[in-house]
Peer 1: 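There's a structure below that I have some questions on.
Keep in mind the model is a prediction, meaning the values are calculated, not measured. Quick note on labels: first sequence line is chain A, next is B, and so on, each numbered from 1.
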Amino acid sequence: MTASATVAPSRTTTTRKRKSSGVRASSLSAGLASWLIGIIFFIPVAWMVLTSFHSESDAGTNPPKFGAPLTLDGYREFFGSGTGQSPWPALINSATASVVSTLLVLGLSIPAAYALSIKPVRKWTDVMFFFLSTKLLPPVAGLLPLYLFAQNAGLLDNIWLLVVLYTSMNLPIAVWMMRSFLVEIPPAILEAAAIDGAGLINIMRKIIAPIALPGIAATALICFIFSWNEMLFARVLTGVLAETGPVFLTSFVTSQGLFLAKVCAAATAVSLPVLIAGFAAQDKLVQGLSLGAVK
Amino acid sequence: MTTTAATSVNAPTSEVRIRHSQKGQWKRRAPLLPALIFLIIVTQLPFVATLVISFMRWNALDPNNKGFAGIDNYRTVFTDPTLRSSVITTVVLTVTVVLVSLAIGFAVALLLNQSFIGRGIVRTMMIAPFLIVPVAAALLFKHGIYNPTYGLLNGSITSLWDLFGAKNPPQPDWIGSHPKIMVEVELIWQWTPFMMLILLAGLQSRDGEIMEAALVDGANPWQMFRNITLPHMRQYLELGGLLGSIFIVQNFDSVFTITSGGLGTANLPYTIYQTFFSAHDYGLASAQGVVVVAGSIVIATFALRVVSSLFVEEEAGR
């Protein structure tokens, strides 16, 4: 590796020249192929959004009417104009569960990541892998005891139970992500602060937080997405009061007659926060999804 | 090489420091404890309870007949044919979805690694499927795409037939005739972006100097792919495959929404949900849960090994 590194600088100019002519043709076909695949993958999303703005009678046609007049009827239906069943309580529950659990995750994971990176405890790698291993076990296996516990403790259909569960679901991801961000902070700054007599809380607030802020934001967005998407726990452990957005979606389809526009409007509306969060965190998405293993 | 040097220098001093201050160690551990204790209580205790209940005779519909069952539940787990088929379904579903989305994801990552007009737009379009709420995506595919009378697939076939003036376009019942494939296609659509993102990050971490040296030495694109890119990408392919397996083994939303577990598509999470929620057989559901956990541990061991090798490499490179 070192050999190629030392030789390379003299060669780079020649390679760059040789590249330009041949690369252009191959990148044109690569571009066309990418566009084609990208469009194929995007069609269902585009179709969902388009149909959500069509009337039920236009949405239910075969062949499809792509150019049918646009209307907000689907969204009006979703927001309860016909059935009187408003999605707002469910959406507010989802927001509560996602936002509060994300804040809790940050509160727990940032100090933990500190103890795993900046001032690492002994055997910190073992601790890291313990966190990760909890993420590898299927949640469905713990569902029944959680249900029985909730039943006995009177916590069934209570949004705070989901807050706790979503916190535990995302905590390992957040610890791994946060550690990968904190490790980047130059130790010299922290040492200087410690010499000046700054305590742990002050160091966290005044030095670590500002530097790690983009990382914290990315972690928060990923945790938010996973909580917002979750359905199995929400379905089993909630009923009428604590129902979340995804559970509301599944109950929404049972109606008779034409409902495609309404379903598409509902799917679009419920996915919107995730789409916004995901595109905002696009660059950090992969790091979060691979638990910080890939940058 | 730098790491070994660093550790050999650091080791004695840290040893001394540890012996000197046991108190200092606890001070170091303190920020870690809330997260650790919280996670142990919320995720480990339920598994212990599951293990205990799995040895019990306990059906919520027959509450008086509750007691120790020995290994009866496990005997049922391993002899019940519907359960065995759900194990097979889970394996087939996971392997198919992971392999196909890895293959497409790799192809797209290779394409996106070139420069062309609108690369950012294509990347954004490719990520979009992953950002649709899973239940919403499953509903969209079930009603908006697969539905035989007004779904996009059959609608497009009709449009195509009309275009050429043909009559009686075929209108297959997609879910009815190929339930498993339809669930798989929906999941592949959602998970390809995930694979693509990991693999693209892998491609971008290739050593540019090695690539240029190979180019200068007259390597053709295939040789470069075969001898440089593929060995480098191996760990990223493994990482994507294993993380994907973990998420897809646990899949509940798609099976629940698209087929309601019917037509032979019931996977293990769905079956456990049914045993617990519809049959109310708590003992059996727990035994199923324990078996799933045992299976996951096998996958997890491999996953941990892959993640730790990437992890160690990153730390060494630091």
Side-chain angles (χ1 to χ4, degrees), chain A residues 4-5 8 11-12 15 27 30-31 33-35 37-38 41-42 44-45 47-48 51 60 62-64 108-109 111-112 114-115 119 121 129 133-134 136-138 140-142 144-146 164 168 171 229 231-232 246 249-250 253 260 263-264 267 270-271 274-275 278 285-286 289-290 293-294, chain B residues 28-29 31-32 34-35 38-39 42-43 46-47 49-50 108 111-112 114-117 122 125-126 128-129 131-136 139-140 143-144 149-150 152 155 158-159 194 197-198 201 209-210 212-213 215-216 246 250 252-253 269 272 276 282 285-286 289 292-293 296 300 304 307 310:
Chain A
S4 70
R11 286 183 179 175
T12 35
T15 27
S27 72
S34 308
W35 271 96
I37 299 175
F41 270 81
F42 193 67
V45 180
W47 172 240
M48 173 180 84
T51 309
N62 183 353
L108 290 168
S109 68
Y114 174 89
K119 285 207 168 164
V121 296
F129 283 103
S133 69
T134 65
L136 303 184
L137 296 179
V140 72
L144 172 66
L146 288 170
V164 170
S168 77
L171 190 55
N229 283 352
M231 177 171 89
L232 180 61
L249 264 184
T250 59
V253 183
L260 187 60
V263 167
C264 284
V270 172
S271 298
V274 178
L275 282 162
L285 206 57
V286 60
L289 295 171
S290 64
V294 173
Chain B
R28 282 182 170 226
R29 281 179 200 138
L32 184 64
F38 177 83
L39 206 64
V42 181
T43 67
F47 283 118
T50 303
V108 177
L111 289 171
L112 280 178
Q114 322 264 337
S115 60
F116 56 86
I117 299 162
V122 174
M125 288 200 299
M126 277 304 302
L131 299 177
I132 303 297
V133 171
V135 188
L139 282 171
L140 168 69
H143 300 288
T149 50
Y150 50 78
L152 184 62
T158 311
S159 299
F194 170 82
L197 282 171
I198 287 186
E209 278 166 359
I210 294 181
E212 285 191 357
L215 212 60
V216 170
I246 290 157
Q250 298 173 7
F252 172 77
D253 304 18
I272 296 175
F276 153 51
Y282 291 174
S286 298
V292 174
V293 169
S296 304
L304 285 173
V307 175
L310 267 173

Peer 1: About how many Å separate CG of D253(B) and OG1 of T250(A), when rounded to the nearest 0.5 Å?
Peer 2: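 Going from the OG1 atom of T250(A) to the CG atom of D253(B) covers 9.5 Å.
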Peer 1: What closest approach, in Å, do L171(A) and A35(B) show between heavy atoms, and which atom pair accounts for it?
Peer 2: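 So the two residues come closest at CD2-O, 3.6 Å.
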Peer 1: Considering only heavy atoms and a distance below 4.5 Å, find which of P34(B), A285(B), P134(B), S286(B) pairs most often with chain A.
Peer 2: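 Ranked by contacts with chain A, first place is P134(B).
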Peer 1: Please report the shortest heavy-atom distance between L111(B) and I37(A), naming the atom on each side.
Peer 2: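 So the two residues come closest at CD1-CD1, 3.8 Å.
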Peer 1: Minimum heavy-atom separation for M125(B) to G38(A), with atom names?
Peer 2: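 Of all heavy-atom pairs spanning M125(B) and G38(A), the closest is CE-C, 3.8 Å.
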Peer 1: Hey, which of G278(A), A115(A), P44(A), A267(A) has the most heavy atom pairs under 4.5 Å with chain B?
Peer 2: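 Counting heavy-atom pairs under 4.5 Å, the top option is P44(A).
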Peer 1: For Y282(B), is it the side chain, the backbone, both or neither that has a heavy atom under 4.5 Å from a heavy atom of chain A?
Peer 2: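 It is both, since atoms from each part get that close.
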Peer 1: If you count heavy-atom pairs under 4.5 Å with chain A, which of G144(B), G155(B), P129(B), G289(B) comes out on top?
Peer 2: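 The residue among G144(B), G155(B), P129(B), G289(B) with the greatest pair count is G155(B).
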Peer 1: Heavy atoms only, distances under 4.5 angstrom: which of N229(A), V140(A), V263(A) has the most pairs with chain B? Name it, please.
Peer 2: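 Most heavy-atom pairs under 4.5 Å with chain B: N229(A).
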Peer 1: Which atoms of I132(B) come close to chain A, meaning under 4.5 Å heavy atom to heavy atom: side chain ones, backbone ones, both, or neither?
Peer 2: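 Both the backbone and the side chain of I132(B) come within 4.5 Å of chain A.
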Peer 1: Heavy atoms, side chains only, cut-off 4.5 Å: are S34(A) and V108(B) in contact?
Peer 2: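 The answer is no, as the side chains (C-beta and beyond) never meet within the 4.5 Å cut-off.
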Peer 1: Between the side chain of S168(A) and the main-chain N/O of L39(B), is any donor-acceptor distance below 3.5 Å?
Peer 2: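 Checked: no pair found.
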Peer 1: To the nearest 0.5 Å, what is the distance between OG1 (T50(B)) and CG (L146(A))?
Peer 2: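 Answer rounded to 0.5 Å: 8.0 Å.
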Peer 1: Could you report the tightest heavy-atom contact between P145(A) and A49(B), atom names first, then the distance?
Peer 2: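 Smallest interatomic distance, heavy atoms only, reads CB-CB, 3.7 Å.
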Peer 1: Just to verify, what does F42(A) make a ring-ring contact (aromatic ring centres under 6.0 Å, His included) with, not counting sequence neighbours?
Peer 2: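 None.
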Peer 1: For S159(B), is it the side chain, the backbone, both or neither that has a heavy atom under 4.5 Å from a heavy atom of chain A?
Peer 2: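 For S159(B), backbone and side chain are both near chain A.
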Peer 1: So, for M48(A) and L140(B), which heavy atoms are closest and what is the spacing to 0.1 Å?
Peer 2: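 In terms of heavy atoms, the two residues are closest at CB-CD1, 3.5 Å.
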Peer 1: Kindly give the heavy-atom pair with the smallest separation between F116(B) and G31(A), and that separation in Å.
Peer 2: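 That would be CG-CA, 3.4 Å.
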Peer 1: Top residue by heavy-atom pair count (under 4.5 Å) with chain A, among T43(B), L112(B), V135(B)?
Peer 2: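 The option with the most such pairs is V135(B).
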Peer 1: Examine whether an atom of W35(A) lies under 4.5 Å from a heavy atom of chain B, and if so say whether it belongs to the side chain, the backbone or both; otherwise answer neither.
Peer 2: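 The answer is both parts of W35(A).
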Peer 1: With rounding to the nearest 0.5 Å, note down the distance linking CD1 in I272(B) to CG in L144(A).
Peer 2: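 If we round to the nearest 0.5 Å, I272(B):CD1 and L144(A):CG are 10.5 Å apart.
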